[in-house]
Amino acid sequence: MEYLKSVVPSQLISERGSNLVVINPGSANIRIGLASQDAPFNIPHCIARYTNQVPKRSVQDQMLNSQVTTAQHMERERAYDVIASLIKIPFLDEEVANNSFPRKMGRIDGHHNGKRDTVFTWTDVHERDPTLSVTVESSSSKDVSQSLDQHVETDSKELSPSVIKYRQFICGEDALKISPIEPYCLHRPIRRGHFNISQHYSMQQVLEDLHAIWDWILIEKLHIPLSERNLYSAILVVPETFDNREIKDMLTMVLQDLRFGSAVVHQEGLAAVFGNGLSSACVVNMGAQVTTIICIEDGVALPATAKTLPFGGEDVSRCLLWTQRHHQTWPPIRTDILSKPVDLLMLNRLKEFYCEIKEGEVDAVAVVHSYEEGTPAGSHKTRLTALNVPPMGLFFPMLLVPDVYPPPPRACDDIFRFHDHEDMLEETWHTEYSRRPDLPDNVYPGVNVNFPMWDSYPVYATKPKKEENVGLAEAITSSILSTGRIDLQRKLFLSIQLVGGVALTRGLVPAMEERVLHAIPSNEAIDTVEVLQSRTNPSFASWKGGAIIGVLDFGRDAWIHREDWINSGIFVASGRKYKDSYYLQAQAMCYMNS
């Protein structure tokens, strides 16, 4: 304790964080880095694998229902009009009636010679063969080299396989920028907060892809070879959407396959509170595909307050495309976010740069890119309109019309036929961690507490994680009111914390405060709502919190060592839980306030 009182926080992070790898996996991106870093690497959570299948599938994903029904279309238009009345813009029918000329007249179509930062290049999918002939190497002058590179991109099939060969897999943003004509299939191992298992994407393939992505990041970005991983510990900061089976599979991958010496699991919501130096808050985590809400009181998560909303930033991006097409401001190009991942990448960036929440009409001139098969990327200058409508879909989800992701065929898959008896996140759900004395040791038939429990891997969570079909404001209000104590409710309504990439949307904070206040029932004695300003980048708040918890956790009672996990699995009565959340929270407060 004397050391903690005198040490400088930056020194403590540097000393104890250099061998801690914090991993925060999400549906669209993975945030990973050493705890001693100021910010993590934020990398698209996907991998493109070389394939020689015919016909080729460019995206390996669940069969998505992307067709909007007539009822959904009508609900979307009604939601648009409700939003229009709130932000004081014309209704849909008013716009159609009042426009004597189409809005697209303000658009400049065709290729646009923009600045260097707008230039797009497809990912080079080839790798040089180390056995390249001496003749080719010796003859490669600058001009010849440029000619060869150009020839590879345009007609690589004419080259000898001994000179050029395809890369077996490509990870991260480069995987999203592979031309559709190349023989690659994109895999996204996590979708909507769960493993992306389907009849086309097996559990084994999902885990192999996760391992390949994480291993690539550790080697290429963090420069930690496999031979040295036993000297490092991993902190898994997992979303509340993951079930116990998924968490255990990731732990097995981290400890057994990636070869970390030890690991610990923390909730995203709890880590976000630590990341901002708070003790209590209603954490609203707005990710790319899922939004989760959970209340934290004095460093302990309250499970009854957990909410999951099946939409996120990517749905806002899809809504941006629908809005522009409806107003005829989108260029006449084939934009398909399902079959061409690079289109979604472009839409996400347009959304981040131009969308905001404020009253009045919001227009902007932007450059829209087209990526057609077999042709160079094109640029189209156009005027986008109604840019304040898509982000309001967070409060009116009927506007977003999320794609339907069918559940995996779990009932017929024998790996999903077991029940789970261990909550991997129990230390953050409860304040009392000892085994319940009213339960006998043989409470779980057929399972001996002294034996490995590999056969008890779950797919169904011990606590149901129900998705809510309501808007963000109603979900936050319901979450806080479910605590049942007026003093805590008032405290949490004044301590709403927004994290995740969507939290960076301009104008979201005042809109959130207004909508939540409006959603509180009139019979509740609460008249003030406040969204706290984040002390760190909201996109990395949970990652940063995981780093702080790892550095301050001197006892490491909840950490799982590699040998113990491989040899014994997890014990029901292990008792490896945090016993002093208050102490850890106080240290986090000290660090953040220094």
Please check: side-chain N/O of [X] versus main-chain N/O of [Y], any donor-acceptor pairing under 3.5 Å?
{"X": "N537", "Y": "S539", "answer": "yes"}
{"X": "N388", "Y": "G360", "answer": "yes"}
{"X": "Q72", "Y": "T69", "answer": "yes"}
{"X": "E530", "Y": "F493", "answer": "no"}
{"X": "T536", "Y": "A541", "answer": "no"}
{"X": "K491", "Y": "E297", "answer": "no"}
{"X": "S280", "Y": "D298", "answer": "yes"}
{"X": "K221", "Y": "F41", "answer": "no"}
{"X": "W330", "Y": "L321", "answer": "no"}
{"X": "E240", "Y": "G269", "answer": "yes"}

Taking all atoms of both residues into account, what is the closest heavy-atom pair of [X] and [Y], and its distance?
{"X": "I476", "Y": "C282", "answer": "CG2-SG, 4.1 Å"}
{"X": "I549", "Y": "H266", "answer": "CG2-NE2, 3.4 Å"}
{"X": "E356", "Y": "V362", "answer": "OE2-CG1, 4.0 Å"}
{"X": "A525", "Y": "I486", "answer": "O-CD1, 4.3 Å"}
{"X": "P90", "Y": "A84", "answer": "O-CB, 3.7 Å"}
{"X": "I178", "Y": "A48", "answer": "CD1-CB, 3.5 Å"}

Legend entry - M253 vs D249, side-chain contact (heavy atoms from CB on, under 4.5 Å): CA-CA, chis, key distance, verdict: CA-CA 6 Å; M253 182 181 67; D249 280 336; over 6 Å; no

Legend entry - side-chain contact (heavy atoms from CB on, under 4.5 Å) evaluation trace for V238 with E268: CA-CA 5 Å; V238 298; E268 246 182 7; over 6 Å; no

Inset, instruction - Test side-chain contact (heavy atoms from CB on, under 4.5 Å) on H194 and V206 and set out the steps. - result: CA-CA 11 Å; H194 289 286; V206 165; over 6 Å; no

Could you tell me if the side chain of [Y] sits less than 4.5 Å from the side chain of [X], heavy atoms only?
{"X": "I480", "Y": "C295", "result": "yes"}
{"X": "W214", "Y": "H45", "result": "yes"}
{"X": "H211", "Y": "L258", "result": "yes"}
{"X": "S534", "Y": "L498", "result": "no"}
{"X": "I23", "Y": "V21", "result": "yes"}
{"X": "P189", "Y": "Y201", "result": "yes"}
{"X": "I357", "Y": "F395", "result": "yes"}
{"X": "V82", "Y": "M398", "result": "no"}

Working to the nearest 0.5 angstrom, can you tell me the gap between [X] [atom1] and [Y] [atom2]?
{"X": "E314", "Y": "L345", "atom1": "CD", "atom2": "CG", "answer": "10.0 Å"}
{"X": "I333", "Y": "H380", "atom1": "CD1", "atom2": "NE2", "answer": "4.5 Å"}
{"X": "M286", "Y": "L504", "atom1": "CE", "atom2": "CG", "answer": "8.5 Å"}
{"X": "E474", "Y": "S479", "atom1": "CD", "atom2": "OG", "answer": "13.0 Å"}
{"X": "F353", "Y": "L387", "atom1": "CZ", "atom2": "CG", "answer": "11.5 Å"}
{"X": "I235", "Y": "L20", "atom1": "CD1", "atom2": "CG", "answer": "4.5 Å"}

Inset, instruction - Answer yes or no: does atom CG of D38 have more than 12 heavy-atom neighbours from other residues, nucleotides or ligands under 6.0 Å? - result: no

Legend entry - Polar side chain donor-acceptor pair, N348 to E352, under 3.5 angstrom: no

Inset, instruction - State, without any angle test, whether R31 and N24 hold a side-chain donor-acceptor pair at a distance under 3.5 Å. - result: yes

Legend entry - From CA spacing to verdict: side-chain contact (heavy atoms from CB on, under 4.5 Å), M392, V389: CA-CA 5 Å; M392 285 295 289; V389 171; 5.7 Å; no

Inset, instruction - Determine, for R318 against D315, whether the closest basic-nitrogen to carboxylate-oxygen distance falls under 4.0 angstrom. - result: yes

Inset, instruction - Look at E173 together with R349 and state whether they make a salt bridge at an N to O cut-off of under 4.0 Å. - result: yes

Legend entry - side-chain hydrogen bond (donor to acceptor under 3.5 Å, both in side chains) pairs, two or more places apart, involving residues 509-522: none

Inset, instruction - Apply the side-chain contact (heavy atoms from CB on, under 4.5 Å) test between L517 and each candidate in V529, I526, T477; give the one that qualifies. - result: V529

